[in-house]
2 protein chains.
Amino acid sequence: MVTQSEENYLKTIYHLGKQGVEAVSTNAIAEQMETKASSVTDMVKKLAEKDLANYVKYQGVSLTKVGRLTAASVIRKHRLWEVFLVNKLKFSWDEVHEVAEQLEHIKSEQLIDKLDEFLDFPKVDPHGDAIPDKEGNFAKISKKLLSECASGEEGIFVGVKDSSASFLQYLDKQHISLGDKIKILHREEFDQSVEIMVNSSLLNISQKTATNIYLQQK
Amino acid sequence: MVTQSEENYLKTIYHLGKQGVEAVSTNAIAEQMETKASSVTDMVKKLAEKDLANYVKYQGVSLTKVGRLTAASVIRKHRLWEVFLVNKLKFSWDEVHEVAEQLEHIKSEQLIDKLDEFLDFPKVDPHGDAIPDKEGNFAKISKKLLSECASGEEGIFVGVKDSSASFLQYLDKQHISLGDKIKILHREEFDQSVEIMVNSSLLNISQKTATNIYLQQK
DNA sequence: CTTATTTTTTAGTCTAATCTAAAAAAATAT
DNA sequence: ATATTTTTTTAGATTAGACTAAAAAATAAG
Ligand SMILES: [Mn+2]
Ligand SMILES: [Mn+2]
Ligand SMILES: [Mn+2]
Ligand SMILES: [Mn+2]
């Protein structure tokens, strides 16, 4: 049995280390999970003991095949629940993370299969992140950061890199929503801010904002 | 904060002691929860410490007002999730209990409010049990055990007393479903079995079955 | 190549929730 | 009224997960 805490560690290692393939440092995990390095060392030993992780003292952790699959399954559940909360229960996209953080640990294959069907087999969550299938495979969506687009280029807003409530609320306030067509009009050399056209209105966004918006082109 | 384990104890005490008002014995709780009496003693002390229960050594436990409200809230969540699983995800009524046992511990007021609305404010769960409102009040449904009905009487099948999977599956096999009209034709003195009419077909049910079926009359 | 700094691990505590075995109290039976 | 049985509590251990402080290893600077 994989505990809730183990699942949270697996998810973090998965995210930090390119799907858990690259070795991740103890400190990186501790920082991400807001816990102490010594706690991470303990847990990482346990994951290795259970053959969910590869761990060599002082050399970081990566995930085994089983570990990766387990992590992907948790991520799948997290994102499906987020879709449920937004599409069915009318949560807004900045309110769902905490609740999904709990729901992702509910243990029932049947539940997730039926939820997936009920939601009509969504491929992305409310933040534009891909939902892995049961085998842990992601549909590769080609997307590019707005900050990397040249002026004149345009694309559809399909995802956010930062999905903190504050950023999502900022986007709401600016009336920038997933699915909108965005055109890059001008990039200011001085501060890297960008002038864009969204919903036929002009907007100026900071460099920080531009590095957190994904566009899909053509 | 009330832990998951504490919530489970509160729920059990609530069910065993007439909504937690009557004192419940340590052994009764232990048996119900399939744990040891010594574990119950420990937990009960903790609940008393947190002002969720009234506990006097050797005299059993009852719930405080806050304890009762907390228990009712967990039961509310459990039953709302059961409705969701059956009505929306198409689980059958014998499959939902275990999953609801986990879902009932998800912490989010907003989630439950929105779920309640999404389900159209149901008053009973898939087993005919009343769903308490946010204040912990149950809509009193007048229902009577089939075993207590005289021959000639009839009523609508509105609930089960035993909601074990095996009993529910037995009812499915006999094509007896919630909402069916049942008429008592004859009670056999010898073994207390009952001949009934359901869906215009004759059926003979055991005494045990009869004591687990609730009818609503007129 | 040493010394200093940073990172990681170990050692030792702590809390929550469980258990077994033994002691104490309460209930039942002679 | 005493002895027996049952119930409940206590005492002591165990496991998971987290923490602090100290030791050890790895990395970076001079
Ligand atoms: Mn989580
Ligand atoms: Mn998301
Ligand atoms: Mn439960
Ligand atoms: Mn039920």
Side-chain angles (χ1 to χ4, degrees), chain A residues 1-14 16-17 20 22-63 67 70-71 74 98 101-102 104-107, chain B residues 1-14 16-17 20 22-63 66-67 70-71 74 101-102 104-107:
Chain A
M1 223 235 30
V2 184
T3 69
Q4 189 153 323
S5 184
E6 286 165 358
E7 287 186 344
N8 285 333
Y9 275 93
L10 288 175
K11 214 175 47 155
T12 300
I13 297 167
Y14 188 95
L16 289 177
E22 282 180 8
V24 175
S25 81
T26 301
N27 264 1
I29 298 168
E31 192 184 359
Q32 177 70 31
M33 300 188 70
E34 299 183 61
T35 183
K36 296 300 155 82
S38 55
S39 306
V40 174
T41 302
D42 280 353
M43 178 56 89
V44 144
K45 282 179 183 169
K46 186 147 54 106
L47 294 176
E49 190 55 48
K50 289 190 175 188
D51 287 316
L52 294 165
N54 311 112
Y55 169 60
V56 183
K57 262 191 198 179
Y58 297 105
Q59 288 176 222
V61 222
S62 59
L63 298 183
T70 307
V74 177
E98 269 182 88
E101 205 57 45
Q102 299 176 59
E104 71 189 3
H105 303 292
I106 302 290
K107 275 161 184 65
Chain B
M1 222 235 29
V2 184
T3 68
Q4 189 152 322
S5 184
E6 285 166 357
E7 287 187 343
N8 284 333
Y9 274 92
L10 289 175
K11 213 174 48 155
T12 300
I13 297 168
Y14 188 95
L16 290 176
E22 281 180 8
V24 175
S25 81
T26 302
N27 264 1
I29 298 168
E31 192 185 0
Q32 177 69 32
M33 300 188 70
E34 300 183 61
T35 182
K36 295 300 154 82
S38 55
S39 305
V40 174
T41 300
D42 280 353
M43 178 55 90
V44 144
K45 282 179 184 171
K46 187 149 51 110
L47 293 176
E49 191 54 49
K50 288 190 175 187
D51 286 316
L52 294 165
N54 310 113
Y55 169 59
V56 183
K57 260 192 198 178
Y58 296 106
Q59 288 176 221
V61 223
S62 61
L63 298 183
V66 180
T70 308
V74 177
E101 205 58 44
Q102 299 176 61
E104 71 189 2
H105 303 292
I106 302 290
K107 276 164 183 62

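In the text below, chain A, chain B and the rest are named by the order of the sequence lines, each starting its count at 1.
Rounded to a whole Å, the CD atom of Q4(A) is 22 Å from the P atom of dT15(D). One atom, CE of M1(A), and another, P of dT15(D), lie 16 Å apart when rounded to the nearest Å. With rounding to whole Å, M33(A) atom CE is found 10 Å from dC19(D) atom P. Going from atom CG of L47(B) over to atom P of dA16(C) covers 13 Å, rounded to whole Å. Following rounding to the nearest Å, K45(A) (NZ) and dA18(D) (P) show an atom-to-atom distance of 15 Å. Taking atom CD of residue E6(A) and atom P of nucleotide dT15(D), one finds them 15 Å apart after rounding to whole Å.
For dT18(C), the OP1/OP2 oxygens have a side-chain nitrogen or oxygen of Y9(B) closer than 4.0 Å. For the pair S39(A) and dA18(D), the criterion of a side-chain N or O lying under 4.0 Å from OP1 or OP2 is not met. In this model, the phosphate group of dT8(C) is approached by a side-chain N or O of N27(A) to a distance below 4.0 Å at OP1 or OP2. Close to dT9(C), at under 4.0 Å from its OP1 or OP2, lies a side-chain N or O of T26(A). Contact annotation: S25(B) does not reach the phosphate of dT7(D) (side-chain N/O to OP1 or OP2, under 4.0 Å).
Residues K36(B) and M43(B) both approach DNA chain C. Their nearest nucleotides, taken by heavy-atom distance, put M43(B) toward the 5′ side.
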Between K107(A) and E101(B), does a salt bridge (Lys or Arg N to Asp or Glu O under 4.0 Å) hold up when you go through it step by step?
-> CA-CA 11 Å; K107(A) 275 161 184 65; E101(B) 205 58 44; over 6 Å; no
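Contact annotation: the side chain of Q102(B) never approaches that of H105(B) to less than 4.5 Å [non-hydrogen atoms, C-beta and beyond]. In this structure, V61(A) and L47(A) have side chains that are not in contact, with every pair of non-hydrogen atoms separated by 4.5 Å or more. Residues L16(A) and I29(A) are in side-chain contact: their nearest non-hydrogen atoms beyond the backbone lie under 4.5 Å apart.
One cannot find a donor-acceptor pair under 3.5 Å joining the base of dT18(C) and the side-chain atoms of S38(B).
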For nucleotides 24-26 of chain D, tabulate all protein N/O to nucleotide N/O atom pairs closer than 3.5 Å, reporting atom names and distance.
from    : atom 1 : to     : atom 2 : distance (Å)
dA25(D) : O4'    : Y58(A) : OH     : 3.3

Only pairs under 3.5 Å count here: list side-chain donor-acceptor contacts from residues 48-60 of chain A, not counting sequence neighbours, and write none if there are none.
from   : atom 1 : to     : atom 2 : distance (Å)
K50(A) : NZ     : M1(A)  : O      : 2.9
K50(A) : NZ     : E6(A)  : OE1    : 3.0
K50(A) : NZ     : E6(A)  : OE2    : 2.9
N54(A) : OD1    : S62(A) : OG     : 3.2

Please tabulate, for side-chain N and O atoms in residues 32-41 of chain B, each donor-acceptor pair with protein atoms closer than 3.5 Å (sequence neighbours left out).
from   : atom 1 : to     : atom 2 : distance (Å)
T41(B) : OG1    : A37(B) : O      : 3.2

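Nearest nucleotide to the T41(B) side chain, out of dT9(C), dT9(D), dA18(D): dT9(D).
Across L10(A) and A71(A), no two heavy atoms sit closer than the pair O-CB, 3.8 Å.
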